[in-house]
Amino acid sequence: MAIHPRAGLLAEQGSLVNIPELMTAYFMEKPNASVSSQQVSFGTSGHRGSAFQSSFNENHILAISQAIADYRQSQAIQGPLYLGKDTHALSESAFQTALSVLTANSIRVRVQTGGGFTPTPVISHAILTHNAKAPQADRSDGIVITPSHNPPEDGGFKYNSIKGGPADKDITDWIAKRANALLASELLDVKSFSNEEIVASGLVEEFDYIQHYVDDLENVINMPAIAKAGVKIGVDPMGGSGIHFWGPIAQKYGLDITVVNNEVDPTFRFMPLDKDGRIRMDCSSPYSMQNLLKLKDNFDIAVGNDPDYDRHGIVCSGFGLMNPNAYLAVAIEYLSSHRPAWSKDIKFGKTLVSSGMIDRVVEGLGRQLCEVPVGFKWYVEGLFDGSMAFGGEESAGASFLRHDGSVWTTDKDGFIMALLAAEILAVTGKDPQTLYEEQVAKYGKPYYKRIDVVATPEQKNILGALDKKDVTQTTLAGEDIVSVLTHAPGNNAAIGGLKVSTQNGWFAARPSGTENVYKIYLESFISEEHLAELETEAKALVDSVLPA
């Protein structure tokens with residue numbers, strides 16, 4: 001994909017999303033239940049879409065919320081539902097719609113005191129801390145309303161289970177099927193309250209998510225070490241839901257934190273354009289992170305987070321934005337040697353499209369690796385029961401256990417990954433980028449790339465259902481193929497595509513859940529030239545098993 005000429009620059013006024021028009025579309029556009037693109041569909045992170053495309057409208061949220069209420073009843077989940085929203089425009093309207101349905105179904109709903117925003121990891125943390133002490137009859141779950149880092153016109157709606165993290169596929173399939181049936185029936189069985197009825201119900205409970213979360217951070221991050229070392233931390237909330245958390249964190253733990261941007265604006269007009277010329281709050285993109293990169297030498301560590309705070313971008317003074325894969329490798333090595341209460345038999349998780357550097361680091365540490373398909377839901381069980389120390393994704397999302405080896409969150413947590421970078425510097429005297437360069441010297445330098453290839457729906461379906469026997473080649477980019485995977489080795493779950501590996505390189509191909517493309521991930525431990533060779537042969541291999 002060619003880089004847009006305005007990438008890294010602020011959007012021009014005329015290209016900003018028209019918020020009144022977007023809100024009108026949310027309430028006025030009605031999805032056609034017989035059109036697949038307008039149906040409810042839970043991908044790796046909930047249902048997402050745009051009101052402009054009739055894929056995220058009031059009817060969708062009415063139906064999904066009722067489906068969740070029905071699911072809760074079928075599972076006898078009777079505790080409060082923790083409800084959070086990010087700063088996207090559609091999140092506010094969806095929040096009110098959800099509230100009307102949940103209260104009409106006699107569900108207690110806990111919302112941020114004063115109507116504020118609530119990050120994804122904070123919802124997960126609240127569910128887990130509640131259920132750790134609650135009797136069976138008062139178990140809780142949650143909903144996070146967010147499209148993550150997606151553009152300003154998008155919306156997202158995610159259900160988190162009683163285990164705190166993204167609900168597994170069996171649950172989301174049930175909810176999606178029920179929601180689509182409700183859409184098809186023109187919402188016949190959907191219950192909803194007016195604003196007056198919501199207030200009169202007494203079911204909306206204000207909850208101080210900020211204090212609850214901030215007061216517990218010392219049990220997962222070495223806050224005294226950061227304070228003692230005087231690490232200067234710069235934070236760009238990128239207009240996201242964690243914006244009001246950093247002040248209380250700095251105050252409680254005596255940290256030197258400077259928030260460089262206090263703006264919240266649903267157009268996200270303060271965001272530099274991403275590589276394709278669109279506004280996207282992607283804290284792993286050097287184009288989207290330009291505001292913070294310009295200030296990198298003002299701080300020891302600078303961090304950015306996406307709107308729902310499940311992702312992290314780590315900026316090191318004198319270097320710049322770290323590659324997300326590189327930071328995951330450093331975090332794993334640091335945590336393995338600085339959490340003495342963790343079991344030596346504990347597993348470290350990676351997605352199968354994350355860097356092979358992680359494999360080499362974990363092997364070098366003599367620890368166990370658990371490789372899973374794309375999607376954080378695959379880490380929920382391991383983090384919940386404490387058998388997995390760390391779960392990370394190549395898209396800059398991760399979480400890990402408390403100091404004592406018990407669960408912290410079962411969803412990605414951008415706060416603790418950001419604060420961990422400061423802890424690493426405080427304890428080792430070296431920033432994460434310096435430590436990564438030491439890993440490269442020890443394990444070799446990886447060259448990593450991800451590309452999108454146009455594909456028809458039919459081709460996507462075939463790719464998602466490939467079998468090992470469909471790959472007949474024995475070599476790839478000059479090396480013998482050592483493995484062909486269609487299921488992840490960590491949990492034997494289908495990867496919805498394939499991964500082909502040699503001794504010094506690999507590629508993975510999987511269909512996009514939202515676009516008519518398939519994604520190819522590539523990595524070489526030899527050279528850029530070898531990476532290019534991998535790309536050419538990977539495309540040819542995939543083409544050979546797909547119809548023209």
task: Give the intermediate values and the outcome of side-chain hydrogen bond (donor to acceptor under 3.5 Å, both in side chains) for residues Thr409 and Ser399.
output: CA-CA 7 Å; Thr409 60; Ser399 190; 2.6 Å; yes
task: Would you check, one step at a time, whether the test side chain to side chain contact (heavy atoms under 4.5 Å, CB included) holds for Leu541 with Val471?
output: CA-CA 8 Å; Leu541 191 155; Val471 177; 4.1 Å; yes
field: Verdict with reasoning, Val220 to His403, per side chain to side chain contact (heavy atoms under 4.5 Å, CB included)
entry: CA-CA 5 Å; Val220 70; His403 289 299; 5.5 Å; no
- request: Begin from the C-alpha positions of Phe207 and Val111 and carry the test side chain to side chain contact (heavy atoms under 4.5 Å, CB included) through to its verdict.
  value: CA-CA 6 Å; Phe207 182 80; Val111 301; over 6 Å; no
message: Go through it in stages, so that I can follow the logic: the residues are Glu371 and Lys347, the test is salt bridge (Lys or Arg N to Asp or Glu O under 4.0 Å), and I'd like the CA-CA distance, side-chain angles, deciding distance and then a yes or no.
response: CA-CA 10 Å; Glu371 190 172 11; Lys347 297 177 181 177; over 6 Å; no
task: Test Phe348 against Cys370 for side chain to side chain contact (heavy atoms under 4.5 Å, CB included), laying out the working first.
output: CA-CA 6 Å; Phe348 290 82; Cys370 181; over 6 Å; no
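Heavy-atom neighbours of Glu363 CD from other residues, nucleotides or ligands within 6.0 Å: at or below the threshold of 12.
Across every non-hydrogen atom of Asn57 and Pro31, the tightest pair is CB-CD, 4.4 Å. Taking both residues in full, the closest heavy atoms of Ser354 and Glu394 are given as OG-N, 3.3 Å, listed atom of the first, atom of the second, then distance. Taking all atoms of both residues into account, the shortest heavy-atom contact from Ile221 to Leu420 is CD1-N, 3.9 Å. What you find for Tyr309 and Gly240 is that their closest heavy atoms are CE1-C, 4.3 Å. Minimum heavy-atom separation, Phe56 to Gly156: CE1-N, 3.3 Å.
Side-chain atoms of Asn325 come within 3.5 Å of backbone N or O of Ser355 as a donor-acceptor pair. Formation of a donor-acceptor pair under 3.5 Å by the Arg311 side chain with backbone atoms of Ser284 is not found in this model. The main-chain N or O of Val101 is found under 3.5 Å from a side-chain atom of Asn105 such that the two form a donor-acceptor pair. Looking only at distances, no side-chain donor or acceptor of Ser241 sits under 3.5 Å from a matching main-chain atom of Asp86. Between the Gln66 side chain and the Ala179 main chain, no donor and acceptor come within less than 3.5 Å of each other. For the pair Ser65 (side chain) and Ile61 (backbone), a donor-acceptor distance under 3.5 Å is present.
Aromatic pair Tyr213/His125: centroids less than 6.0 angstrom apart. Ring to ring, His338 and Tyr334 are close: their centroids are under 6.0 angstrom apart. Phe525 has its ring centre no less than 6.0 Å from the ring centre of Trp506. Ring to ring, His312 and Phe415 are not that close: their centroids are 6.0 angstrom or more apart. Outside the 6.0 Å centre-distance limit, the rings of His530 and Tyr447 are not counted as a close aromatic pair.
Between Arg339 and Glu423, at least one side-chain nitrogen of the basic residue sits less than 4.0 Å from a carboxylate oxygen of the acidic one, meeting the salt-bridge criterion. The pair Glu333-Lys442 does not meet the salt-bridge criterion, since no charged nitrogen lies less than 4.0 angstrom from a carboxylate oxygen. Look at Asp452 and Arg450 and you find a salt bridge, because one of the NZ, NE, NH1 or NH2 atoms lies within 4.0 Å of a carboxylate O, short of that distance. A salt bridge links Asp359 to Lys350: at least one charged side-chain nitrogen sits closer than 4.0 Å to a carboxylate oxygen.
A search for side chain to side chain contact (heavy atoms under 4.5 Å, CB included) contacts involving Gln75 returns Tyr71, Ile77, not counting sequence neighbours. Scanning for salt bridge (charged side-chain N to carboxylate O under 4.0 Å, His left out) contacts around Glu218 gives an empty result, with sequence neighbours left out. With sequence neighbours excluded, the residues that form a side chain to side chain contact (heavy atoms under 4.5 Å, CB included) with Val482 are Ser501. By the salt bridge (charged side-chain N to carboxylate O under 4.0 Å, His left out) test, Asp168 is found to be paired with no residue, residues two or more places apart in sequence or in another chain being considered. Every residue two or more places apart in sequence or in another chain was checked for a salt bridge (charged side-chain N to carboxylate O under 4.0 Å, His left out) with Lys468, and none qualifies. Among residues two or more places apart in sequence or in another chain, the side chain to side chain contact (heavy atoms under 4.5 Å, CB included) test is passed with Asp274 by Asp276, Arg280, Asp282, Ser285, Tyr287, Ser288. In this structure Ala488 satisfies the side chain to side chain contact (heavy atoms under 4.5 Å, CB included) test together with Leu352, Pro373, Asn491, Ile495, sequence neighbours excluded. Residues that satisfy the ring pair (Phe, Tyr, Trp, His ring centres under 6.0 Å) test with Phe507, not counting sequence neighbours, are absent from this structure. Residues satisfying the salt bridge (charged side-chain N to carboxylate O under 4.0 Å, His left out) criterion with Lys377, sequence neighbours excluded, are absent altogether.
Residue pairs meeting the salt bridge (Lys or Arg N to Asp or Glu O under 4.0 Å) criterion with at least one partner in residues 64-83, sequence neighbours excluded, are Asp70-Arg178, Arg72-Asp141. Screening residues 362-397 for ring-ring contact (aromatic ring centres under 6.0 Å, His included), with sequence neighbours left out, gives Phe376-Tyr379. Residue pairs meeting the salt bridge (Lys or Arg N to Asp or Glu O under 4.0 Å) criterion with at least one partner in residues 401-414, sequence neighbours excluded, are Lys158-Asp411, Asp216-Arg402, Asp310-Lys412, Glu393-Lys412.
Atom OG1 of Thr410 is separated from atom CG of Asn160 by 7.0 Å, given to the nearest 0.5 angstrom. Distance CZ/Phe157 to CZ/Arg48: 14.0 Å, rounded to 0.5 Å. Here the NE2 atom belonging to His130 is positioned 10.0 Å from the NE2 atom belonging to His212, to the nearest 0.5 angstrom. Rounded to the nearest 0.5 Å, atoms CG (Asp306) and SG (Cys283) are 5.0 Å apart.
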